[in-house]
Amino acid sequence: MNKHPWDIFTMNVNDMLSEIKPGEKHAASLRREDKSLTFVCTNSIRWGGSKESDLKKIRKTKLIKSVTNENKSLKIEPNYEELAESIFNFYSTNKNVFDQERDEQKWIVEYSQPNTHKAFHIGHFRNVVTGDFIVRIARKFGINVIPANYIGDIGTHVLKALLGWELAGKPKPPTLEQEPNLDLSRWLGEYYSQWAQRESGSRENFIKEAWSVKDLLNQDSDFEIGEKFKKFKKNKFLISKILKKSTDGRLHSENFKNLNKSAINWKKDLDLQNEIAERWKNKDPELVKDWKKTKKWCMDAFEKIYRLLDVDFEKIYYESDVEEDAIRISNKLVNKNLAEKEGGSVLVDFKKEPYNSNKLDVLPLLRSDGLPLYSAKDLALAELKQNQYKTNKSFYVVGAPQSFYFKQIFKILEQDKKLSELIHIGYEMVDLPEGKMSSRSGNIVAFSELWEEAKKFTKSKSSQKISKKDLEKVTTGALKHLMFSRDFNKRISFKWEEVLSNEGKTGSYLQYAAVRCKRVIEKSGIQPNLKFEKTKMNKDEKTLIFNIFTIQNELKRSFETISPTPLLESLHRLSKAFSNFYHSSPIINKDPELEKFRINLAYCTLKTLEETLKIFGISVPSRM
RNA sequence: GCGCCUGUAGCUCAACUGGCAGAGCGUCGGGCUUCGAACCCGAAGGUUGCAGGUUCGAAUCCUGCCGGGCGUGCCA
């Protein structure tokens with residue numbers, strides 16, 4: 001495999017500067033100067049530039065036009081004509097110009113992890129594109145990557161959804177004929193939301209009553225008047241005690257009238273939940289049948305979304321598959337003194353041996369009724385993944401609020417030396433202007449809703465001739481771009497105006513540049529030959545080739561930092577450079593040599609955009 | 001209380017491991033008889049939350065404050 005011109009260039013810079021100052025990686029400190037289309041070696045500033053006599057001795061390669069001292073820094077100007085020629089050569093001999101050297105590493109990336117029986121919303125969407133980006137960029141760097149999904153198909157939220165659905169009379173979902181854009185996860189999520197709102201409503205009501213009379217109960221020695229209500233709300237032990245007293249009829253006074261009423265109300269809801277939990281525990285055939293049916297609805301809905309987003313999982317794990325292992329592993333940890341029993345529950349106390357960490361606090365693994373918590377299940381899943389794939393790096397794409405939890409989990413897993421390196425990629429939440437999204441309260445933007453609205457908008461902006469396929473490419477391009485437009489650790493405040501916009505720094509801008517390349521090449525009737533014949537380039541041609549040239553570096557940075565920003569920003573600079581070039585320099589031209597050269601430039605731009613956009617899961621349409 | 005994230009132009013965000021603070025939106029002005037105007041050009045807009053420290057040089061590193069968000073034992 002021949003080398004990308006950027007890699008040759010940086011090697012040349014290293015060799016050249018090593019003659020003046022041996023033993024340093026000079027190219028590593030190259031900084032782009034966009035205005036002057038040059039590079040500055042920041043190391044050279046540190047050692048105060050170079051003597052003119054030294055600079056004269058330097059043997060320059062053909063890619064380097066001049067090396068000068070400027071403000072004590074070393075300025076390197078590339079030779080644009082040579083640059084263009086080497087880019088053309090490289091692009092003509094490689095099918096994929098950004099495929100990096102093969103790597104022996106094996107990674108597993110766990111992402112998406114939606115819960116069945118709940119709507120797939122924009123938060124899940126951000127997760128999917130984040131994980132997909134990691135998978136795609138790692139593959140670009142020759143790494144063997146296993147994309148894995150972990151579906152939350154059991155747990156209290158599932159039972160709550162089933163309960164809500166049962167109470168509504170187990171309605172049948174609408175057919176595709178009735179609702180062509182049907183999203184069954186969203187449809188079923190409504191029943192979850194209905195129940196959750198009812199239950200939390202009666203709970204909140206009770207807690208409010210309990211707070212107002214709590215000092216009459218003699219149970220509140222830990223809670224001075226003025227103590228935060230929030231803290232009181234979190235004290236589940238105290239609250240359940242008050243509930244019990246109240247529903248047992250032990251509180252007779254007039255003062256407790258409202259409290260008793262709200263207690264009975266909430267208790268009714270709790271009983272319904274306990275009842276369905278009991279049925280689940282006893283594997284009630286009717287319930288299991290319903291569960292399987294509704295789970296399938298949701299999985300089908302997820303599959304539909306994954307197809308739309310062009311993501312593909314090599315392995316799908318279900319929470320229900322690791323439940324038994326989770327119990328087994330928890331008990332094993334107890335035997336190895338890595339966890340302890342406390343009543344029926346099992347927990348890890350990180351203050352104790354062998355963890356000795358004051359900061360990690362305590363992590364429960366099994367509930368007091370013996371059922372495994374998410375933590376135990378994650379431990380089981382980690383073991384399962386490692387046994388199956390024997391990776392050297394394991395990524396968890398999970399929301400940033402869980403970073404503390406993953407520190408705890410990783411600490412436990414690190415006790416086993418066989419495991420691979422564990423990395424939590426935490427991305428920040430997408431929230432609505434009104435506040436945090438919550439499927440419990442129904443305050444969400446479902447992905448299907450987002451997609452329908454965005455598609456409608458795209459269609460309104462598109463030419464009449466646009467195909468269905470291209471319409472989808474533009475729509476997903478816009479939506480994915482929005483998710484990548486901020487770094488992972490920045491929250492996205494969701495705004496419809498931002499979705500329904502196609503101007504400026506958007507996915508459409510990048511696609512538009514690429515589409516113009518396609519169309520102008522097509523219109524010219526010229527087959528790009530990638531032969532360099534022109535000798536003199538204008539400013540916009542230089543800027544364009546400069547930006548094509550430096551993409552390789554930005555791609556590497558994006559990979560090293562696992563961050564979409566460097567690459568995405570550079571694609572905007574490239575598209576901008578192309579737009580300038582397109583306006584100032586007629587591609588279809590009377591001068592045949594000039595025309596050929598510019599067609600080649602457009603072709604290289606197109607190839608660069610197509611291949612790098614693919615890393616973000618974005619495709620280039622042929623029309624938009 | 002403790003821990004993590006965050007603060008850059010009116011708004012949303014960049015700034016390549018310390019090296020000339022830049023984009024998009026919005027505002028104002030200009031450009032379609034010309035390869036697709038989802039575009040391009042020009043202008044205005046900054047004490048990088050505050051105060052110290054390290055350095056030839058700090059948005060970036062260190063310390064202390066202030067503001068915002070999140071997490072902190074049986075939900076995931």
Side-chain angles (χ1 to χ4, degrees), chain A residues 28-35 40-46 48 70-73 113 115 152 155-157 160 236 319 342-349 358-369 371 373-375 377-378 398-405 407-408 426 428-429 431 436 440 458 461-463 474 478 485-487 489-493 495 497-498 501-509 511-513 515-516 519-524 550 553-554 556-558 560-561 565-566 568-570 572-573 575-576 579-580 582-589 595 598 602 623-624:
Chain A
S29 62
L30 274 188
R31 202 185 66 234
R32 226 185 33 244
E33 297 275 305
D34 287 325
K35 278 180 203 159
V40 167
C41 186
T42 52
N43 264 355
S44 71
I45 301 169
R46 229 165 274 149
E70 203 161 292
N71 297 332
K72 286 207 291 184
S73 66
Q113 308 116 319
N115 286 330
T156 47
H157 77 271
K160 283 182 184 179
K236 290 178 185 169
E319 213 177 317
E342 193 182 274
S345 68
V346 168
L347 52 83
V348 176
D349 188 344
N358 288 323
K359 289 183 180 173
L360 289 179
D361 223 329
V362 172
L363 179 70
L365 300 179
L366 300 184
R367 298 199 316 205
S368 28
D369 61 4
L371 285 177
L373 287 158
Y374 53 98
S375 48
K377 287 181 246 184
D378 260 327
V398 182
Q402 260 100 288
S403 62
F404 180 71
Y405 163 71
K407 272 185 197 157
Q408 294 177 315
E428 267 297 347
M429 299 290 98
D431 40 31
K436 200 179 167 181
R440 181 173 300 195
T458 306
K461 297 286 176 182
S462 297
S463 76
V474 180
S485 65
R486 291 151 182 81
D487 241 320
N489 58 349
K490 288 264 171 47
R491 53 182 46 230
I492 297 179
S493 180
K495 292 190 193 79
E497 308 95 83
E498 222 175 333
S501 153
N502 62 343
E503 283 166 19
K505 226 168 184 174
T506 59
S508 303
Y509 184 81
Q511 286 175 322
Y512 189 66
V515 167
R516 276 171 149 184
R519 308 288 293 175
V520 75
I521 293 169
E522 203 180 287
K523 185 144 188 175
S524 75
T550 50
N553 187 44
E554 308 301 320
K556 286 182 172 176
R557 278 183 52 213
S558 266
E560 280 157 15
T561 55
T565 311
L568 196 65
E569 288 281 321
S570 71
H572 277 284
R573 282 195 298 268
S575 298
K576 179 93 182 165
S579 287
N580 281 328
Y582 186 89
H583 272 269
S584 74
S585 318
I587 295 171
I588 294 174
N589 208 291
E595 187 176 64
R598 287 182 176 166
R623 218 186 269 276
M624 60 192 285

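Below, chains carry the letters A, B, ... as their sequence lines are ordered, and counting in each starts from 1. Since the structure is predicted, the reported quantities are computational estimates derived from the model, not experimental observations.
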Which whole-number value in Å describes the distance from A:Leu365 CG to B:C75 P?
13 Å
So, is A:Lys490 near the phosphate of B:G7, with a side-chain N or O under 4.0 Å from OP1 or OP2?
yes
Rounded to whole Å, please give me the gap between CD in A:Glu569 and P in B:U12.
16 Å
In whole angstrom, give me the gap between the C1' atoms of B:U33 and B:G29.
24 Å
Starting from the 5' end of RNA chain B, give me the residue, A:Ile587 or A:Thr156, whose nearest nucleotide shows up first.
A:Ile587
Please tell me which of A:Arg32 and A:Lys436 maps to the more 5' nucleotide of RNA chain B, matching each residue to the nucleotide holding its nearest heavy atom.
A:Arg32
P-based separation of B:G49 from B:A9 [nearest Å]
8 Å
Nearest listed nucleotide, side chain of A:Lys495, among B:G22, B:C39, B:U12:
B:U12
NA contact type, A:Arg486, heavy-atom cut-off 4.0 Å: base, sugar-phosphate, or nothing?
sugar-phosphate
Separation of B:U72 C1' from A:Leu360 CG (nearest whole Å):
11 Å
Regarding B:G73, can its base be found pairing with the side chain of A:Glu342 as donor and acceptor, where the two atoms are less than 3.5 Å apart?
yes
Looking at A:Lys576, does any N or O in its side chain come under 4.0 Å of the phosphate oxygens OP1/OP2 on B:C40?
yes
Let me know the distance between NZ of A:Lys505 and C1' of B:C13, rounded to the nearest Å.
7 Å
Base B:A38 paired with A:Tyr512 side chain (donor-acceptor, <3.5 Å):
no
By the 4.0 Å heavy-atom rule, please label A:Ser368 as base, sugar-phosphate, or nothing.
base
Using a heavy-atom cut-off of under 4.0 Å over every strand shown, decide if A:Pro401 touches base, sugar-phosphate, or nothing.
sugar-phosphate
Looking for any heavy atom pair under 4.0 Å, which part of the strands does A:Lys523 touch: base, sugar-phosphate only, or nothing?
sugar-phosphate
When all nucleic acid strands are considered with a 4.0 Å heavy-atom cut-off, which category describes A:Asp487: base, sugar-phosphate, or nothing?
sugar-phosphate
Nearest 0.5 Å, what's the CD1-OG distance between A:Ile492 and A:Ser485?
5.5 Å
State whether A:Asn580 places a side-chain N or O below 4.0 Å from either non-bridging phosphate oxygen (OP1 or OP2) of B:C41.
yes
Taking B:G53 as the reference, what is the distance to B:G57 when you measure between their C1' atoms (whole Å, please)?
15 Å
Could you state the interatomic distance from OH (A:Tyr509) to OG (A:Ser579), rounded to the nearest 0.5 Å?
3.5 Å
Go through B:U72, B:A14, B:G73 for me and flag the one nearest to the A:Leu347 side chain.
B:G73
Distance-only donor-acceptor test, A:Glu33 side-chain atoms vs B:C20 base atoms, 3.5 Å
yes
Taking the side chain of A:Arg519 as heavy atoms from C-beta outward, which of B:G36, B:C39, B:U72 is closest to it?
B:G36
Separation between the C1' atoms of B:A43 and B:U54, rounded to whole Å:
40 Å
Using a 4.0 Å heavy-atom cut-off, does A:Val398 contact any base of the nucleic acid, only the sugar-phosphate backbone, or nothing at all?
nothing
I want to verify a distance call: between B:G73, B:A38, B:C5, whose nearest atom is closest to the A:Val362 side chain?
B:G73
Which value, in whole Å, describes the distance between the P atoms of nucleotides B:G18 and B:U60?
11 Å
Contact check, side chains of A:Asp378 and A:Tyr405, non-hydrogen atoms, under 4.5 Å:
yes
Please report the interatomic distance CG(A:Asn589) to OG(A:Ser524), rounded to the nearest 0.5 Å.
11.5 Å
Tell me whether the side-chain N or O atoms of A:Ser462 pair up with the base of B:A38 as donor and acceptor below 3.5 Å, since no angle test is needed here.
yes
Pick base, sugar-phosphate or nothing for A:Met429, based on heavy-atom distances below 4.0 Å to the nucleic acid.
nothing
Minimum-distance nucleotide (side-chain atoms of A:Pro364 versus B:C74, B:C4, B:A76):
B:C74
Sugar-phosphate only, base, or nothing, as touched by A:Ser508 at under 4.0 Å among non-hydrogen atoms:
base
Is A:Arg573 atom CZ crowded by more than 12 heavy atoms from other residues, nucleotides or ligands, each under 6.0 Å away?
yes
I need the NZ-P distance between A:Lys407 and B:G3, as an integer number of Å.
11 Å
Can you find a side chain N or O atom of A:Asn489 that sits less than 4.0 Å from OP1 or OP2 on B:U6?
yes
Picking from B:A37, B:G71, B:A76, the nucleotide nearest the side-chain atoms of A:Arg516 would be B:A37
In whole Å, measure the gap between the C1' atoms of B:G10 and B:G46 for me.
12 Å
Taking only the C1' atom of each, what is the distance from B:G7 to B:C50 in whole angstrom?
11 Å
Give one of base, sugar-phosphate or nothing for A:Ser585, where a contact means two heavy atoms less than 4.0 Å apart.
base
Under the criterion salt bridge (Lys or Arg N to Asp or Glu O under 4.0 Å), which of A:Lys505, A:Arg486, A:Arg32, A:Arg557 is the partner of A:Glu569?
A:Lys505
Considering every strand and a 4.0 Å limit on heavy-atom distances, what is the contact class for A:Glu319: base, sugar-phosphate, or nothing?
sugar-phosphate
Please name the nucleotide paired to B:G1 by Watson-Crick or G-U wobble geometry with both distances under 3.5 Å, or report none.
B:U72
Starting at CG of A:Leu347, measure out to OG of A:Ser368 and round the result to the nearest 0.5 Å.
10.5 Å
Per A:Glu503 side chain, nearest of listed nucleotides B:A14, B:C5, B:C39:
B:C39
Nearest-nucleotide pick for A:Leu373, side chain only, options being B:C40, B:A38, B:C74
B:C74
Please determine, for the side chain of A:Arg367, which listed nucleotide (B:A76, B:C75, B:U72) has the closest atom?
B:C75
Please report the distance separating the C1' of B:A14 from the corresponding atom of B:A23, rounded so that it comes out in whole Å.
7 Å
Heavy-atom check, side chain of A:Asp431 versus side chain of A:Ser493, under 4.5 Å
yes
Without decimals, in angstroms, what is the distance between A:Glu497 CD and B:G24 C1'?
15 Å
Checking the side chain of A:Asp369 only, and the main-chain atoms of A:Leu371 only, is there a donor and an acceptor separated by less than 3.5 Å?
yes
side-chain N/O A:Tyr509 vs B:C40 OP1/OP2, d < 4.0 Å
yes
For B:G10, which nucleotide is its Watson-Crick or G-U wobble mate, given both distances must be under 3.5 Å?
B:C25
